[in-house]
Each structure stands twice: as C-alpha cells, then as structure tokens.
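The block underneath contains the structure these notes are about, expressed in structure tokens.
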Amino acid sequence: MTKTLRRIAVFLSLFILVVFGIFLFNQTVQIVQSARTVNVRFGDGVLWGLIFLYSALLLTPIVLWFKVPKRKAPPSRSEGPEYEHFMVDFRKRLARNARLRGVSLTCAEEVDAAICMLDKHADDVVVSTASAVFLSTAVLQSGRLDVLVVLAAQTRLIWRVAHIYYQRPSLRDFVHLYANVASTAFIAAGIEDVDVDVLVTTIFGSTVAAIPGMHLLAEAVLSGSANAFLTLRVGMITKEYCRCTTRVEKSGLRRAATLQAAKLLGSIVKDGTRRLSKAGVAATKSKFVDAWSRMKGNRGTPEPGQVG
C-alpha cells in the first residue's frame, strides 16, 4: 500500500512538472510577443535571455546532483547498530563541510550543535530569499514576470541550502521538491487575478479602501506575501530533506515546513510593507517637489510681451 501511494505521488509530481513546462512555454510566448510589439530586436533579445535563464535553471539541479553528495536516508529506528553506523558516516560528512571546519564532532551533543549552526545559516538564506521575492513580486505586479522571479529564486534557494548542508535530496525528493516549485509558480501567475478592491473593502471597510494608494499597496502586499510564504515553505522543505538525521514522514515534514514558514512570514511582511510604504512616500514627495519647482519656474518666466 505504501509503495503504491509513493508511486502515485511520484507520477503526480511528474504530471505537475509536465503541465508546468507547457504553462511556462505559453507564458514565454506571451512575454516575447509583448516585447516584440515594442521592438522586434528587443523581442529577440528577450527570447534569448529567457532561453539562457531556462537553461541555467534546468542545469542547476543536474550540476547539484553530481557536485553534492546524496543524503543518506536515516534508519527507521534512532537506536541500535544500524543507526550508530549511519551517525558515523554522517559525522564524516559533517567534518568535510567547510562551514564546520575546526568544530568538534566527537559526541551526539556536538553533532546536534553543529546541525544547529547549519540550520542558522539555512534559515538566514531562506529568509533573505523570501524577503527578496516579497519585494520583487510586490513591485513587479505582473503574473508572467512573477513566475520567472519565483522560479529563479527558488531554484537558487535549493542550490544554496543543499550546499550549506553539503548533501542533496534523493531523486524522489528532488521530484517532489520541484513539483512544489512548479506549483508555487502556478500560484504566482494567478495572484494578479484576485479582486483586491473587494478584499480590502471586506476586511477594512469602504472608508479605508477609499484612501488613495490603498489599492496599490494592498495588491503589492498580497502578491509579495503569497510568494514569500511559498518560497519560505520550499526553503524549509529543502532544509528538512537535507538535514534530518531521523526518518520523518513526508506529510509530517511538509506540515512542519508550512508551520515554520508561517512563523517567519510575519516579520518579512512587516519589514517589506514598511519599505514599500517609505518608497511610495519618497516617490510621491519627489514628484510633488518637482511639480512645485516647475510651477515656480513658470511663474518666474516673463511673458514675451513683457520683455524689455
């Protein structure tokens, strides 16, 4: 029964990846066509740029597969000779990690402390990537471009987290992981279809919704928050695939990753919203100053009949 469910999960993940490939092709055609309406050469440049980006994203998991050693699956029980043999191999791999040079790994407590150090590095990478995704997708406000931003950011995130632990997920975990990335890209493309006006009016009331700029800010925060949360989740799943020393059920792992992502999202949204608000106020102030300067300049310029 368990093997059947695993096969179904793998085939479902592969199906998601195939559908995502078709979806990405369609998005690419639309982006290139939009660019060619501006200029044919510009459209050709966009096409070759996207081909280069897709090639890099496709090569990333392949290079990662050969460059970083595969994570050894822990035994079903966290005790006994089999588990002790697993921990011996695991200590040897930790000793080869550049981030743990000079760190003692002679006992279980020191191994746990070393893993906590790597966890801190991984959390910092995941949070910084999610923050960048929040700001990028909040500013772009384009489902097609959001797909590319999220896809590139999460592919790079997987690469960086795997290098922190110096071990990569198994092939099956890779398939599940990139199925999550593909699903995230689907969601990123569909966020722009959400009716933000209705959402803001429902939550905050018509008075707040009528404030100038509230629609744009709410739309930016909604898009950035959703994409940041999904990026956090992918990062936490990758972290658990690479770090765990005990066998964990996939459903429990994904649930834990979702809870961790939810805990980290608040600070990212708070900081990102503050930065967006400051940027908006600064831009409005700059435009007001420029308009005022032009008005003063026009007043100071004498009319042709008044010269002399």
Side-chain angles (χ1 to χ4, degrees), residues 13 16-32 34-35 42-68 121-164 168-169 173-192 220 223-239 241-242 257 261 264-265 268 272 275:
S13 299
I16 292 174
L17 292 175
V18 171
V19 173
F20 173 72
I22 298 172
F23 165 79
L24 192 62
F25 175 79
N26 179 55
Q27 295 292 308
T28 303
V29 170
Q30 294 183 31
I31 292 173
V32 173
S34 299
F42 176 67
D44 292 339
V46 170
L47 174 61
W48 284 107
L50 290 175
I51 290 174
F52 175 78
L53 175 63
Y54 296 155
S55 300
L57 296 178
L58 185 63
L59 287 173
T60 296
I62 298 175
V63 174
L64 187 64
W65 181 268
F66 290 103
K67 186 177 180 181
V68 180
H121 285 294
D123 288 342
D124 291 342
V125 168
V126 173
V127 170
S128 65
T129 303
S131 298
V133 168
F134 177 93
L135 292 173
S136 300
T137 56
V139 172
L140 285 175
Q141 293 292 300
S142 170
R144 295 171 190 169
L145 296 179
D146 286 353
V147 171
L148 301 179
V149 170
V150 170
L151 185 61
Q154 293 188 3
T155 301
R156 185 168 181 264
L157 176 61
I158 294 171
W159 170 277
R160 294 178 68 186
V161 172
H163 275 77
I164 287 174
R168 57 170 171 80
D173 291 341
F174 250 126
V175 173
H176 289 309
L177 195 55
Y178 276 93
N180 274 278
V181 173
S183 302
T184 300
F186 279 128
I187 296 172
I191 290 174
E192 65 176 350
S223 176
S225 300
N227 291 314
F229 172 74
L230 294 169
T231 301
L232 285 169
R233 186 175 182 275
V234 167
M236 290 303 165
I237 290 174
T238 306
K239 172 184 165 183
Y241 278 158
C242 293
L264 295 172
L265 181 63
I268 292 175
R275 294 170 70 176

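All values reported here derive from a predicted model rather than from experimental measurement.
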Out of curiosity, [X] [atom1] to [Y] [atom2], how far, rounded to the nearest 0.5 Å?
{"X": "Y241", "Y": "I158", "atom1": "OH", "atom2": "CD1", "answer": "10.5 Å"}
{"X": "N227", "Y": "L135", "atom1": "CG", "atom2": "CG", "answer": "11.5 Å"}
{"X": "T231", "Y": "Q154", "atom1": "OG1", "atom2": "CD", "answer": "4.0 Å"}
{"X": "C242", "Y": "I237", "atom1": "SG", "atom2": "CD1", "answer": "12.0 Å"}

Identify, with sequence neighbours excluded, every residue that meets side-chain contact (heavy atoms from CB on, under 4.5 Å) alongside [X].
{"X": "S131", "result": "V127, I268"}
{"X": "F42", "result": "A35, V38, N39, V46"}
{"X": "D124", "result": "K120"}
{"X": "L265", "result": "A228, F229, L232, V269"}

Task: Candidate pair R160 and T129, rule side chain to side chain contact (heavy atoms under 4.5 Å, CB included), full reasoning - done: CA-CA 10 Å; R160 294 178 68 186; T129 303; 4.1 Å; yes
TODO: Output all residues satisfying side chain to side chain donor-acceptor pair (under 3.5 Å) with T238, sequence neighbours left out; order by chain, then residue number.
DONE: none
- [ ] Show your working on side chain to side chain contact (heavy atoms under 4.5 Å, CB included) between T28 and Y54 and close with a plain yes or no.
- [x] CA-CA 10 Å; T28 303; Y54 296 155; 2.6 Å; yes
Open item on the list: Quick test of your reading: applying salt bridge (Lys or Arg N to Asp or Glu O under 4.0 Å), list the pairs with at least one residue in residues 45-61, sequence neighbours left out, ordered by first then second residue.
Closed with: none
Open item on the list: With a 4.5 Å cut-off on side-chain heavy atoms, are L50 and L148 touching?
Closed with: yes
Can you name the nearest heavy-atom pair linking [X] to [Y], along with the distance?
{"X": "A261", "Y": "R233", "value": "CB-N, 3.7 Å"}
{"X": "V149", "Y": "S136", "value": "CG1-CB, 3.8 Å"}
{"X": "A153", "Y": "V133", "value": "CB-CG2, 3.5 Å"}
{"X": "V32", "Y": "G43", "value": "CG1-O, 3.9 Å"}
{"X": "M236", "Y": "V126", "value": "CE-CG1, 4.2 Å"}

- [ ] Give a yes or no on whether the backbone of A152 and the side-chain of T155 come within a donor-acceptor separation of less than 3.5 Å.
- [x] no
